[in-house]
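Computed from heavy atoms alone, side chains included, the values below leave out hydrogens, waters and symmetry copies.
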Amino acid sequence: MDATDIGLWGVPLAMLGGAIRVSTPFIFVSLGEAITERSGRINLGLEGTLVFGAMSAYAVAVMTGSPWPGLLAAAVAGLCFGLFHGWICKFPKVNDIAIGIAMMLFGTGLGFFFGKPFIQPSAPDLPAIPFGAWSDIPQVQAALNVNVLFLIGAALAVFLWWAFRNTRVGLIVRVVGDSADAARAMGLNPNTVRLLATGAGGALAGIGGAYLSLYYPGSWTERISSGQGLMAVALVIFARWNPLGCFAAALLFGGAGALGPALQSVGVTQGYYLFYAAPYILTLIIMIATSSPSRTLAGAPGELSITK
């Protein structure tokens with residue numbers, strides 16, 4: 001590949017690498033929300049969980065000198081947030097959307113409060129696998145330098161897709177999400193199932209936050225999430241609650257988010273910053289399309305708030 005070829009392939013290579021990097025937190029947050037919503041509950045508090053998970057991961061990684069305890073801390077923090085959200089929502093006449101908004105504000109505020117001492121210190125990064133090591137071209141090497149969490153997220157999407165169809169746990173979550181009365185007739189406790197599903201979804205969202213602070217962008221700041229937790233909710237609806245669809249949609253969002261930096265990397269200096277708004281525009285389009293009263297939400301759990 002000569003210099004001309006590199007120029008022609010510069011934007012696609014930059015978008016490929018950017019899509020992989022940007023999509024990873026979307027993958028984990030959307031898969032977590034898919035589990036939660038499949039049980040019949042929507043969690044708008046994932047933005048707060050994402051921010052607090054990012055702070056927890058960064059703080060623990062700084063104090064221990066290793067990213068892996070930080071990743072575990074983020075998962076535990078997300079689990080606690082999810083369980084707390086699920087516990088509150090089990091009470092009668094409690095609106096899960098309102099509680100989600102409250103949890104979003106609580107999580108971001110708590111993350112900002114405890115995270116102030118860790119804005120300056122540097123934490124170790126999560127490792128990446130250099131799939132482009134075979135090439136001498138820097139653009140190829142950068143595009144194929146894949147973080148381990150992306151690979152774990154891809155495997156998790158396949159596993160959840162299989163589990164929802166072929167395991168007893170997956171069937172229980174789907175039954176509870178479709179009909180609480182049917183679940184009770186089967187001897188299941190919908191509140192317990194939703195509590196555990198919300199906790200699992202929170203843990204995955206916390207891992208998504210750990211990726212932000214420990215790999216890309218790889219620092220802790222108070223504006224680290226940029227609304228990705230809320231966009232992931234739209235992504236799940238767009239994917240029709242299918243884990244494989246969540247993975248594909250996350251790549252789509254990641255590609256949209258990588259468009260601006262890709263143009264900048266090849267020397268486009270006029271107006272490229274407008275493309276930084278692409279993920280938000282895409283989210284708006286998806287929300288308008290899926291909110292149409294003439295369009296059926298195919299695959300939506302029957303107990304989910306947006307279907308009632």
Checklist entry - What pair of heavy atoms forms the shortest contact from Ala239 to Cys246, and how long is it? => result CB-N, 3.4 Å

Checklist entry - To the nearest 0.5 Å, what is the distance between OG1 (Thr221) and CE (Met55)? => result 13.0 Å

Checklist entry - Val176 and Ala183: which non-hydrogen atoms are nearest, and at how many Å? => result CG2-CB, 3.8 Å

Next on the checklist: Could you measure the distance from the CE atom of Met103 to the CG atom of Leu44? Nearest 0.5 Å is fine.
Outcome noted: 12.0 Å

Checklist entry - So which pairs with a foot in residues 183-194 pass salt bridge (Lys or Arg N to Asp or Glu O under 4.0 Å), sequence neighbours left out? => result Asp181-Arg184, Arg194-Glu303

Item to check | Evaluation steps, side-chain contact (heavy atoms from CB on, under 4.5 Å), between Leu126 and Tyr216 | outcome: CA-CA 9 Å; Leu126 288 165; Tyr216 184 80; over 6 Å; no

Checklist entry - Within the distance-only criterion (no hydrogens, no angle test), does the side chain of Asn147 pair as donor or acceptor with the backbone N or O of Pro127 below 3.5 angstrom? => result yes

Checklist entry - Checking side-chain contact (heavy atoms from CB on, under 4.5 Å) for the pair Ile119/Trp220: CA distance, chi angles, key distance, verdict? => result CA-CA 6 Å; Ile119 293 177; Trp220 160 245; 3.8 Å; yes

Item to check | Derivation of the side-chain contact (heavy atoms from CB on, under 4.5 Å) call for Val158 and Leu244 | outcome: CA-CA 6 Å; Val158 175; Leu244 291 182; 3.9 Å; yes

Next on the checklist: Testing the basics here: between Asn145 and Pro130, what is the closest heavy-atom pair and its distance to 0.1 Å?
Outcome noted: OD1-CA, 3.6 Å

Item to check | Exercise: identify the closest heavy-atom pair between Ala210 and Leu71 | outcome: CB-CD1, 3.7 Å

Next on the checklist: Show every ring-ring contact (aromatic ring centres under 6.0 Å, His included) that has at least one partner inside residues 43-73, sequence neighbours left out.
Outcome noted: Phe52-Phe81

Checklist entry - Using a side-chain heavy atom cutoff under 4.5 Å and only I, L, V, M, F, W and Y, what cluster partners does Leu72 have? => result Val76

Checklist entry - Roughly how far, to the nearest 0.5 Å, is the CG atom of Leu151 from the CG atom of Leu156? => result 12.5 Å

Checklist entry - Can you name the nearest heavy-atom pair linking Pro67 to Ala61, along with the distance? => result CA-CB, 4.1 Å

Checklist entry - Do any pairs count as a salt bridge (Lys or Arg N to Asp or Glu O under 4.0 Å) and have a residue in residues 161-175, sequence neighbours left out, and if so which ones? => result none

Checklist entry - When you look at CZ of Phe113, are more than 12 heavy atoms from neighbouring residues, nucleotides or ligands closer to it than 6.0 Å? => result no

Item to check | Ile42 to His85 - nearest heavy-atom pair and separation | outcome: O-CE1, 3.9 Å

Checklist entry - From Phe150 CZ over to Tyr215 OH, what is the distance, rounded to the nearest 0.5 angstrom? => result 11.5 Å

Please table the atom pairs, donor to acceptor, closer than 3.5 Å between any side-chain atom in residues 222-232 and protein atoms at least two apart or in another chain.
{"unit_1": "Glu222", "atom_1": "OE2", "unit_2": "Lys116", "atom_2": "NZ", "d": "3.1"}
{"unit_1": "Ser225", "atom_1": "OG", "unit_2": "Glu47", "atom_2": "OE2", "d": "2.3"}
{"unit_1": "Gln228", "atom_1": "NE2", "unit_2": "Ser225", "atom_2": "O", "d": "3.3"}

Checklist entry - Roughly how far, to the nearest 0.5 Å, is CG of Leu214 from CG of Leu149? => result 9.0 Å

N/O donor-acceptor pairs under 3.5 Å from side chains in residues 16-35, not counting sequence neighbours:
{"unit_1": "Ser23", "atom_1": "OG", "unit_2": "Ala19", "atom_2": "O", "d": "2.7"}
{"unit_1": "Ser23", "atom_1": "OG", "unit_2": "Ile20", "atom_2": "O", "d": "3.3"}
{"unit_1": "Thr24", "atom_1": "OG1", "unit_2": "Ile20", "atom_2": "O", "d": "2.9"}
{"unit_1": "Ser30", "atom_1": "OG", "unit_2": "Phe26", "atom_2": "O", "d": "2.7"}
{"unit_1": "Ser30", "atom_1": "OG", "unit_2": "Ile27", "atom_2": "O", "d": "3.1"}
{"unit_1": "Glu33", "atom_1": "OE2", "unit_2": "Asn43", "atom_2": "N", "d": "3.1"}

Next on the checklist: Are Leu196 and Leu188 connected into the same hydrophobic cluster when the rule is that any two of I, L, V, M, F, W, Y join if their side-chain heavy atoms are below 4.5 Å apart?
Outcome noted: no

Checklist entry - So Val175 and Val193, side-chain contact (heavy atoms from CB on, under 4.5 Å) or not? Walk me through it. => result CA-CA 10 Å; Val175 168; Val193 174; over 6 Å; no

Item to check | pair Val62-Ser122: side-chain heavy atoms closer than 4.5 Å | outcome: no

Checklist entry - Relative to each other, are the rings of Trp87 and Phe84 parallel, tilted or perpendicular (30° and 60° limits)? => result parallel

Checklist entry - What distance do Ile172 atom CD1 and Thr167 atom OG1 have between them, rounded to the nearest 0.5 Å? => result 8.5 Å

